[in-house]
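Notes follow the structure.
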Amino acid sequence: MHNPNYVLEVHDVSKNYVLGRHTVRALRNVSLRVRRESFTVFVGPSGSGKSTLLDIVGCLGRPSEGYITINGEDPAKLKDASLSAFRARHIGYVFQTFNLLEVLSAFENVEYPLLLLRIPAPERKRRVTEILDRVGLSDHTSHRPSELSGGQRQRVAVARALVARPKFVLADEPTANLDSQTGAAILDLMTELNRSLQTTFIFATHDDKVVARASEVLRLKDGVSESC
Amino acid sequence: MLFGHSMPVMFAAAIGCFAVALAVVALRSRQVLFLSVRNLLRNKRRTIITVTVITFGTTGLMLQTAFMENAFTSLRDATITSGLGHIQIYKNGFNEKAAVDKTKYAIDNYGDIKSLLVHDPVIGKAIKSVTATVEFNCLVGSAEASAVCMGTGLEVGEDDVLSATDRLVEGRRLDGAGQQDEGLIGQGLAHAIGAKVGDILTVMAVTRTGAINAVDMSLKGVVQGAATEYDNTILKLPLKHAQQLMARGDVSRIVVLLNDTARTREVSERLGVLFKEKGLDLETRTWEDLAVYYQSVVELYRGMFIVFLVIVLTVVVFSILNTMTMSVLERVREIGTLRALGAPKTEVRGMIHVEGVLMGLLGAGMAIVSALVIAFVVNHLMGGLQMPPPPQRTFGYRATFDLVQHPAIWLFGIFTSLIAGALSSIIPARTAAKMEIVDALRHY
């Protein structure tokens with residue numbers, strides 16, 4: 001039975017990888033729930049399985065065992081086209097390496113998820129302009145990623161993650177490639193957006209500064225959750 | 001011709017399909033089209049080199065096709081105006097049984113038939129000339145020697161039109177002002193019997209009743225035809241003189257020459273209707289049915305063309321494939337990002353296909369321009385390319401690139417470029433779509 005207070009539920013998820021003749025158990029029987037509008041952090045050392053968990057939660061990979069539900073829906077049954085549409089509608093992504101499309105401007109990068117959702121042009125323009133203004137980049141809309149600093153690129157990535165009003169935003173080490181000052185500014189931005197837009201943020205990190213801002217913390221070690 | 005009548009329509013339909021597919025993509029997934037265009041502009045040098053390869057390949061194909069069309073047209077016209085005509089009319093059964101006895105299948109109301117044709121409201125204006133012929137095997141002898149020959153009795157004055165390919169080597173052509181006993185022979189035959197203009201030759205043949213008959217012929221001119229075999233055997237007499245030799249008043253066949261070769265089939269079908277209406281026991285053959293040498297040359301060239309096409313297409317496709325594969329491998333993480341954001345596999349695949357087709361389209365446009373420029377230089381500034389005589393032919397010709405006259409070649413060029421772009425994108429598109437998102441996102 002789906003509890004509407006939780007946007008994400010992970011039920012006894014395990015993930016195994018076959019590497020040559022060996023099987024690596026990246027996740028073992030992980031169960032958790034992420035509260036709506038929370039600022040949740042998956043924390044753990046390298047190899048703890050937090051990125052793997054994020055991949056599964058983000059519907060970028062399927063668990064070997066167990067299942068997840070997002071807003072009460074189990075995406076496991078969806079075929080590629082439906083699953084892609086599900087991601088576009090419900091999940092935003094912020095990557096460690098920004099992952100902007102180099103051939104598009106800042107405006108076009110942020111607009112892209114709305115094109116996938118077939119949002120009409122006037123609405124697209126309004127939303128993109130608004131979110132770029134929110135992240136402080138209204139003067140850089142026509143700039144290509146190569147013309148932006150690292151911090152600015154990550155702001156564009158944050159804007160892109162939020163423009164479609166997803167159920168939650170996943171951020172895998174979003175400040176790892178930024179200097180401390182810029183990283184702090186990005187964290188401030190995300191925290192503020194979490195509050196003002198009531199969007200759930202789920203981070204994977206080993207940075208204590210990020211953990212300090214979290215409302216919920218899940219510790220992972222060797223693929224096993226230690227707390228929820 | 002190289003392309004059948006239905007091919008231009010098929011090319012146009014195929015190009016239309018590509019256009020519709022692109023339009024659908026543009027309308028339904030605008031982002032696919034503009035990402036494709038942006039990706040092509042990402043590495044301009046590589047795109048330019050790839051498009052240049054397509055251009056060269058397509059230009060070569062178009063010029064080759066135009067050259068062959070010109071060769072076919074030249075050979076066709078030479079064949080038709082070597083006495084074959086566009087359409088031949090015979091007594092029914094002539095072609096199956098006349099080998100045994102031609103005289104049994106002769107036409108004895110030639111004048112009425114000619115009048116019927118030239119006054120017909122449907123095809124009358126399409127006809128350039130109608131002439132009757134009498135064919136016979138004969139022996140021609142001079143004071144020095146004699147030789148076997150193929151005799152033709154024909155209407156004086158019409159031969160200039162019907163055998164326009166024949167070149168007058170010596171003397172003058174047959175005309176209405178001349179004597180009835182004047183005649184022409186081929187150059188090879190003249191050499192064989194040591195004859196020259198002005199000589200009196202004896203022509204001997206077997207009449208329809210089996211008797212041997214002979215007439216004198218005053219050699220008025222020596223001609224050179226398109227084929228060596230023709231030169232070595234042809235002998236032409238005025239129709240009445242030939243009928244006198246053969247002791248007959250009828251004719252073997254009626255030869256129709258048209259103003260426009262393209263109307264051959266139409267006129268032939270109309271003749272069938274006319275003959276049926278008038279109760280005439282006649283049949284027709286078109287030049288396509290009769291020109292065996294021409295058909296075999298066209299088939300040979302078609303086969304050679306297909307080999308050439310496959311080679312060029314292979315080179316072009318592999319060039320584009322190489323470029324697109326490199327482009328996809330450079331964009332692995334970007335493709336992973338697109339998929340993570342919600343682009344389905346079909347969209348990623350579509351993006352790569354559109355890139356390939358767009359390069360093909362660009363290449364086609366540049367190929368048309370470059371082919372036109374080259375054709376202009378060769379056709380108008382150089383006056384064509386001098387070609388040697390083909391096998392069994394006596395003289396060569398000036399070859400030109402008949403590009404403007406054949407829209408099918410343009411359509412073929414565009415179609416080939418688009419196909420090359422589409423084919424070459426299949427593997428890279430599949431590679432891009434099959435990538436695991438997680439692996440692609442972490443690719444360096």
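Excluded from the calculations below are hydrogen atoms, water molecules and symmetry mates; all remaining heavy atoms, backbone and side chain alike, are included. Note on naming: letters A, B, ... go to the chains in the order of the sequence lines (proteins, then strands), and numbering restarts at 1 for each one.
With a 4.5 Å cut-off on non-hydrogen atoms, A:Y112 touches chain B through its side chain but not through its backbone. A:R118 touches chain B through its side chain: at least one heavy atom from C-beta onward sits under 4.5 Å away, while N, CA, C and O do not. For a residue to count as touching a neighbouring chain, one of its non-hydrogen atoms must lie under 4.5 Å from one of that chain's; by this rule A:N109 does not touch chain B. A:E102 touches chain B through backbone and side chain together, each having a heavy atom under 4.5 Å away. Heavy atoms closer than 4.5 Å to chain A are found nowhere in B:E436, neither backbone nor side chain. For chain B, the nearby part of A:D55 is the side chain; its heavy atoms alone come within less than 4.5 Å. Of the atoms belonging to A:S82, not a single heavy atom falls under 4.5 Å from chain B.
Heavy-atom pairs under 4.5 Å with chain B peak, among A:T52, A:L60, A:N99, at A:N99. Of the listed residues (A:L101, A:I91, A:L83, A:L100), the greatest number of heavy-atom pairs within a distance under 4.5 Å of chain B belongs to A:L101.
Salt bridge annotation for A:R28-A:E65: absent, with no cationic side-chain nitrogen under 4.0 angstrom from a carboxylate oxygen. With respect to A:E130 and A:R127, no salt bridge is recorded, no charged nitrogen being found less than 4.0 Å from a carboxylate O.
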### Evaluation steps, ring pair (Phe, Tyr, Trp, His ring centres under 6.0 Å), between A:F39 and A:F203
CA-CA 8 Å; A:F39 198 100; A:F203 275 67; 4.9 Å; yes
### Message
Pair A:F42, A:F201 - check ring pair (Phe, Tyr, Trp, His ring centres under 6.0 Å), show working.
### Response
CA-CA 11 Å; A:F42 300 158; A:F201 273 80; over 10 Å; no
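To the nearest 0.5 Å, atom CZ of residue B:R331 and atom OG1 of residue B:T337 are 12.5 Å apart. Here the CG-OG distance, from B:L362 to B:S417, works out to 10.0 Å after rounding to the nearest 0.5 Å.
B:T325 places a side-chain N or O within 3.5 Å of a backbone atom of B:L321 that can act as its donor or acceptor partner.
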